[in-house]
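All heavy atoms count here, side chains included; hydrogens, waters and symmetry mates do not. Being a predicted model, the structure only gives us computed values, none of them experimental.
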Amino acid sequence: MAWFIEKAVGLHSLNNFFYMTAVIQEGCVMSQNELVNCTVDNGIALLTLNRPDKRNAMSDAMRAELVAHLLSIRTDRSIRALVITGSGKGFCAGGDIAGMKTRMEADPATVGFNGWERQQGVHYAASLLLNLPIPTVAAVNGAAAGLGADLALSCDFVVASEYAHFTWAYIARGLVPDGGGMYFLPRRVGLARAKALIFSGRRVNAEEALQLGIADQLCSADALLSSAQAMADEMSSGSRTAIALTKSVINKSYEMSEHQVFAEGSKAQGICYTSQEHRSSVQAFLDRMKEAQQ
């Protein structure tokens with residue numbers, strides 16, 4: 001447990017974690033604070049960031065709840081896909097201003113190391129979401145800024161409402177994108193466009209996000225959740241084993257040579273050959289062929 005807490009919020013902010021009394025139950029982590037709500041319907045989990053008065057800005061306590069949910073979902077075989085959205089008018093407004101104020105008031109001798117520890121929690125959460133062995137969909141209902149934009153791109157797919165907009169304004173605050181933007185954004189829009197969006201920090205509305213490839217689908221606000229859940233349902237309708245193994249390879253494919261991709265694919269295929277999903281599918285196909293020949 002201590003290792004999980006350290007990864008989730010950083011050692012310097014352990015006290016924030018203990019405000020969250022979490023109980024793992026049926027694939028969701030129910031918490032007293034409910035900074036992140038979780039529901040499951042027909043095998044699709046829905047995580048809702050729940051600080052609407054702060055436009056769902058990501059505090060350490062919220063991140064701890066998010067990580068707890070993701071860890072629970074990862075091990076729940078009844079959950080086959082995940083949708084993440086925000087409550088109220090925003091998806092996630094980025095880092096919590098209160099946390100920034102605390103950092104400004106802290107002893108300068110501690111700021112660097114405390115910041116490094118906190119970064120471990122930020123990166124752990126992004127990596128956990130990226131490598132979840134099921135399809136993930138961000139349903140972006142409003143502002144996705146900084147860490148919020150990075151959170152959306154940590155998902156496999158992004159569905160945006162007409163009110164969605166994306167901003168990477170880190171440099172305006174004298175910071176570098178620290179939530180995964182330097183990894184995810186170039187893979188979505190290309191290197192030059194990623195630099196332009198990060199250097200300028202300009203706002204990207206929903207239509208442009210779709211054109212650039214930041215979003216994969218655009219829909220009305222009323223249809224956002226149903227559209228995201230429909231995409232999650234479609235993307236998770238196949239073999240859970242094959243999806244998980246394909247995702248584990250394709251997520252790393254930009255960093256690997258073709259020989260490495262072939263090697264990883266061969267190992268994954270060997271596992272698929274022995275899965276019940278593959279055997280049942282092949283047997284059903286052979287049975288249909290036999291019936292057709294009679």
Side-chain angles (χ1 to χ4, degrees), residues 8-9 16-17 19-23 25-42 44-73 79 81-100 122 125-126 128-129 132 136-167 179 203 205-206 209 214-215 217-233:
V9 299
N16 290 331
F17 182 87
Y19 288 117
M20 185 193 76
T21 305
V23 178
Q25 181 179 4
E26 297 181 356
C28 284
V29 178
M30 306 304 295
S31 64
Q32 290 181 351
N33 284 351
E34 295 181 345
L35 295 174
V36 181
N37 292 331
C38 180
T39 59
V40 180
D41 182 29
N42 192 31
I44 299 175
L46 173 64
L47 294 183
T48 305
L49 307 180
N50 191 32
R51 296 182 74 201
D53 56 320
K54 304 294 184 183
R55 298 294 176 100
N56 304 313
M58 185 67 68
S59 64
D60 287 341
M62 175 184 275
R63 183 178 299 106
E65 289 197 23
L66 176 62
V67 167
H69 282 303
L70 293 176
L71 287 171
S72 181
I73 289 168
I79 295 177
L82 169 65
V83 174
I84 297 181
T85 193
S87 61
K89 296 182 178 180
F91 177 73
C92 177
D96 185 46
I97 296 298
M100 298 179 193
V122 172
L128 185 60
L129 179 55
L132 211 62
T136 56
V137 181
V140 182
N141 53 310
L147 285 174
D150 294 341
L151 177 66
L153 296 194
S154 298
C155 294
D156 299 317
F157 308 101
V158 177
V159 179
S161 81
E162 71 264 42
Y163 300 118
H165 54 89
F166 302 80
T167 310
R203 175 169 160 167
N205 65 27
I214 294 169
Q217 184 178 329
L218 183 61
C219 61
S220 68
D222 291 340
L224 178 64
L225 274 184
S226 61
S227 297
Q229 289 168 329
M231 176 178 283
D233 182 60

When rounded to the nearest 0.5 angstrom, what is the spacing between CG in Asp41 and CG in Asp233? 10.0 Å
Thr136: which residues meet the side-chain hydrogen bond (donor to acceptor under 3.5 Å, both in side chains) condition with it, sequence neighbours left out? Asp156
How many angstroms lie between atom CD of Glu65 and atom CG of Leu35, to the nearest 0.5 angstrom? 4.5 Å
For Asn141, all residues meeting side-chain hydrogen bond (donor to acceptor under 3.5 Å, both in side chains), sequence neighbours excluded: none
Rounded to the nearest 0.5 Å, the SG atom of Cys92 sits from the NZ atom of Lys54 at a distance of 13.5 Å
Just jot down the side-chain hydrogen bond (donor to acceptor under 3.5 Å, both in side chains) partners of Ser59, sequence neighbours excluded, or say none. none
If every non-hydrogen atom of Ala143 is compared with every non-hydrogen atom of His165, which pair is closest and at what distance? CB-CE1, 3.4 Å
Quick one: pull up CE in Met231 and CD in Gln217 and give me the separation to the nearest 0.5 Å. 4.5 Å
If you take all heavy atoms of Ile79 and Ala45, which pair is closest and at what distance? CG2-CB, 3.9 Å
Donor-acceptor check, side chain of Asn50 to backbone of Val36, threshold 3.5 angstrom: yes or no? no
To check you understand the geometry: which heavy-atom pair defines the closest contact between Ala152 and Val158, and what is its length? O-CG2, 3.5 Å
What are the two closest non-hydrogen atoms of Ser227 and Val159, and how far apart are they? CB-CG1, 4.3 Å
Rounded to the nearest 0.5 Å, what's the gap from CD1 on Ile84 to CG on Leu129? Could you check? 4.5 Å
CG/Asp53 to NZ/Lys89 distance, rounded to the nearest 0.5 angstrom? 13.0 Å
Has Glu162 got a side-chain atom pairing as donor or acceptor with Leu218's backbone, closer than 3.5 angstrom? no
Can you list the residues that meet the side-chain contact (heavy atoms from CB on, under 4.5 Å) rule with Ala230, with sequence neighbours excluded? none
Backbone N/O of Ser220 and side chain of Ser161: donor-acceptor pair under 3.5 Å: no
Considering non-hydrogen atoms only, spot the tightest contact between Phe91 and Gly148 and give its length. CE2-O, 3.4 Å
Within the distance-only criterion (no hydrogens, no angle test), does the side chain of Asp96 pair as donor or acceptor with the backbone N or O of Ala57 below 3.5 angstrom? no
Taking every heavy atom of Ala126 against every heavy atom of Ser154, the minimum-distance pair comes out as CB-OG, 4.1 Å
Quick one: salt bridge (Lys or Arg N to Asp or Glu O under 4.0 Å) pairs with a partner in residues 139-150, sequence neighbours left out? none
Residue pair Leu82 / His69, side-chain heavy-atom distance below 4.5 Å: no
Which residues pass the side-chain contact (heavy atoms from CB on, under 4.5 Å) test with Ala232, not counting sequence neighbours? Ile44, Ala81, Val83, Val137
Taking the side chain as every heavy atom from C-beta outward, state whether Leu47 and Leu70 have any pair of such atoms under 4.5 Å apart. yes
